[in-house]
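For reference, the structure discussed in these notes is given below.
Quick caveat, the model's predicted, so the values are computed rather than measured.
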Amino acid sequence: MAASAKRRRGWRKRLGALARFTGALVIVGGLYSAFSPSLYAQEAESNAIDSEAVKGQELYDTSCISCHGDNGEGVEGRGPSLIGVGSAAVEFQVNTGRMPMAAQGAQAPSTNYPVFTEEEAEWLGAYIEYLGGGAETPDDLDAMVEDADVAAGGELYRVNCSSCHGYAGGGGALSSGAHAPSLEGVSNDEIYQAMLTGPQNMPVFADNELTPEQKAELIAYVQYLVNDDKDPGGVFTLGRFGPATEGLAIFLVGMTALLLTTLWIAGKS
């Protein structure tokens, strides 16, 4: 009898251990089932972002690596480091046709025939963003510009931009063979990206100097300024170079008219 009771106690211990083990498996399986969908979703989202960076790296390795280095660290005498410049700088340079640069010069000129599409520029920007972060263009920029105060943007433009780009946005010459380009036909994104990144001779207007809202106001004024339908100069815009050409025209026309009037009066007398 004693041996039989001992065997029953042994079986009960084994069954109890098996029950505890089964219960632990059920709890672990339930927790895994509850949290695994979100983990898979996060992993899928991460892979989607990485896929753009991978495509950008492929473009970078074929078109940019010789001047900017294996990992965007730059090559002395060829191209600067891209670490920390962000996608805004890359998209500005690529979408305006300034990069890839055909030849070294005082500054990279814009062209009407960019090498890469806008989507490819985004891929390159994603790769540079992956290497070191940096400035980005707001997704709702067009809406911000549409709601911006144009008059306030005019004040900001005259204080910060007119000395280089001219009072009418026509551009102007700078030192050492460089120049400030015309703002006619420039998109909202390009103006914002230029202010945010300071390409070439342009200063950087970070968010602590001009807030995103102020940048949107400035862009709204520029678009108003270069819109021919709203040109305050009327039909004869005189090249939209500002007061210099207007003063010259007034001087030549005015002085000629005064001279002819003086000769006519003298002849009559």
Side-chain angles (χ1 to χ4, degrees), residues 46-139 141 160-161 164-165 171-183 186-210 212 215 219:
S46 176
N47 289 337
I49 296 173
D50 290 342
S51 66
E52 290 193 354
V54 169
K55 293 176 182 177
Q57 184 178 13
E58 292 174 358
L59 294 173
Y60 180 91
D61 289 342
T62 57
S63 302
C64 315
I65 193 171
S66 60
C67 292
H68 295 288
D70 293 338
N71 298 302
E73 74 278 8
V75 176
E76 186 176 357
R78 292 187 181 181
S81 170
L82 299 179
I83 304 300
V85 303
S87 58
V90 175
E91 291 177 20
F92 172 82
Q93 296 289 349
V94 173
N95 285 329
T96 59
R98 289 177 165 86
M99 292 291 164
M101 195 174 181
Q104 295 290 336
Q107 69 183 61
S110 62
T111 67
N112 295 324
Y113 306 100
V115 175
F116 299 109
T117 65
E118 291 186 4
E119 185 179 28
E120 290 172 331
E122 291 179 2
W123 295 345
L124 282 168
Y127 176 61
I128 299 304
E129 194 81 30
Y130 167 78
L131 290 179
E136 299 180 68
T137 310
D139 294 332
L141 178 59
N160 297 285
C161 314
C164 294
H165 291 283
L174 302 175
S175 60
S176 303
H179 68 278
S182 169
L183 299 177
V186 181
S187 69
N188 295 342
D189 285 349
E190 290 172 11
I191 299 174
Y192 192 97
Q193 291 161 356
M195 287 189 287
L196 199 59
T197 62
Q200 291 146 176
N201 293 278
M202 183 170 172
V204 175
F205 294 97
D207 288 346
N208 60 345
E209 297 181 16
L210 291 178
K215 290 185 178 72
I219 294 171

Heavy-atom closest pair (Phe116 atom, Ser63 atom, distance to 0.1 Å) is CZ-OG, 3.4 Å
So OG of Ser187 and CZ of Phe92: to nearest 0.5 Å the spacing works out to 9.0 Å
- prompt: Ignoring hydrogens and geometry, is there a side-chain-to-backbone donor-acceptor pair from Arg78 to Ser66 under 3.5 Å?
  reply: yes
- Looking only at atom types and distance, does a side-chain atom of Lys215 sit under 3.5 Å from a main-chain N or O of Phe205, one as donor and one as acceptor? yes
Side chain proximity check, Val75 to Cys67, heavy atoms < 4.5 angstrom
no
*asked:* Quick one, Ile65 and Asp70 - any side-chain contact, counting heavy atoms below 4.5 Å?
replied: yes
Could you please spell out the steps behind the side chain to side chain contact (heavy atoms under 4.5 Å, CB included) verdict for Thr96 and Thr111?
CA-CA 6 Å; Thr96 59; Thr111 67; over 6 Å; no
Just by distance, do the side chain of Gln200 and the backbone of Ala108 share a donor-acceptor pair under 3.5 Å? yes
Value for CE (Met195) from CG (Asn160), rounded to nearest 0.5 Å, stands at 9.5 Å
When every non-hydrogen atom of His165 is compared with those of Pro181, the smallest separation belongs to ND1-O, 2.9 Å
| message | Tell me if a side-chain donor or acceptor on Tyr60 pairs with a main-chain N or O of His68 at a distance below 3.5 Å. | response | yes
Q | Polar side-chain atom of Ser81 near backbone of Gly72 as donor-acceptor pair, under 3.5 Å | A | yes
**Prompt:** Within the distance-only criterion (no hydrogens, no angle test), does the side chain of Glu120 pair as donor or acceptor with the backbone N or O of Thr117 below 3.5 angstrom?
**Reply:** yes
d(Tyr127 OH, Glu52 CD) to nearest 0.5 Å is 15.0 Å
Checklist entry - Are a donor atom and an acceptor atom from the side chains of Thr137 and Gln193 found within less than 3.5 Å of each other? => result yes
Nearest heavy-atom approach of Asn95 to Ala121 is OD1-CB, 3.4 Å
Quick one: does Gln107's side chain have a donor or acceptor within less than 3.5 Å of a partner on His179's backbone?
-> yes
Under a 3.5 Å distance rule, please check whether Glu91 uses its side chain to pair with a backbone N or O of Glu122 as donor and acceptor. no
The reported gap from CG in Leu124 to CD in Gln93 (rounded to nearest 0.5 angstrom) is 12.0 Å
Nearest heavy-atom contact between Tyr192 and Pro138 is CE2-CD, 3.3 Å
> For Asn71, does its backbone N or O pair with a side-chain atom of Glu73 as donor and acceptor, under 3.5 Å?
Replying inline: yes
Closest non-hydrogen atoms of Gly125 and Val90, given as atom of the first, atom of the second and distance, are N-CG1, 3.8 Å
In this structure, CG of Asn201 is separated from CG of Leu174 (nearest 0.5 Å) by 5.5 Å
With side chain to side chain contact (heavy atoms under 4.5 Å, CB included) as the criterion, how do Asp189 and Leu141 come out once you've worked through the C-alpha distance, each side chain's angles and the decisive distance to 0.1 Å?
CA-CA 7 Å; Asp189 285 349; Leu141 178 59; 3.3 Å; yes
Heavy-atom nearest pair, Ala194 first then Pro199, reads O-CD, 3.2 Å
Between the main-chain N or O of Ala178 and the side-chain N or O of Ser176, is there a donor-acceptor pair closer than 3.5 Å?
-> no
d(Ile128 CD1, Cys64 SG) to nearest 0.5 Å is 7.0 Å
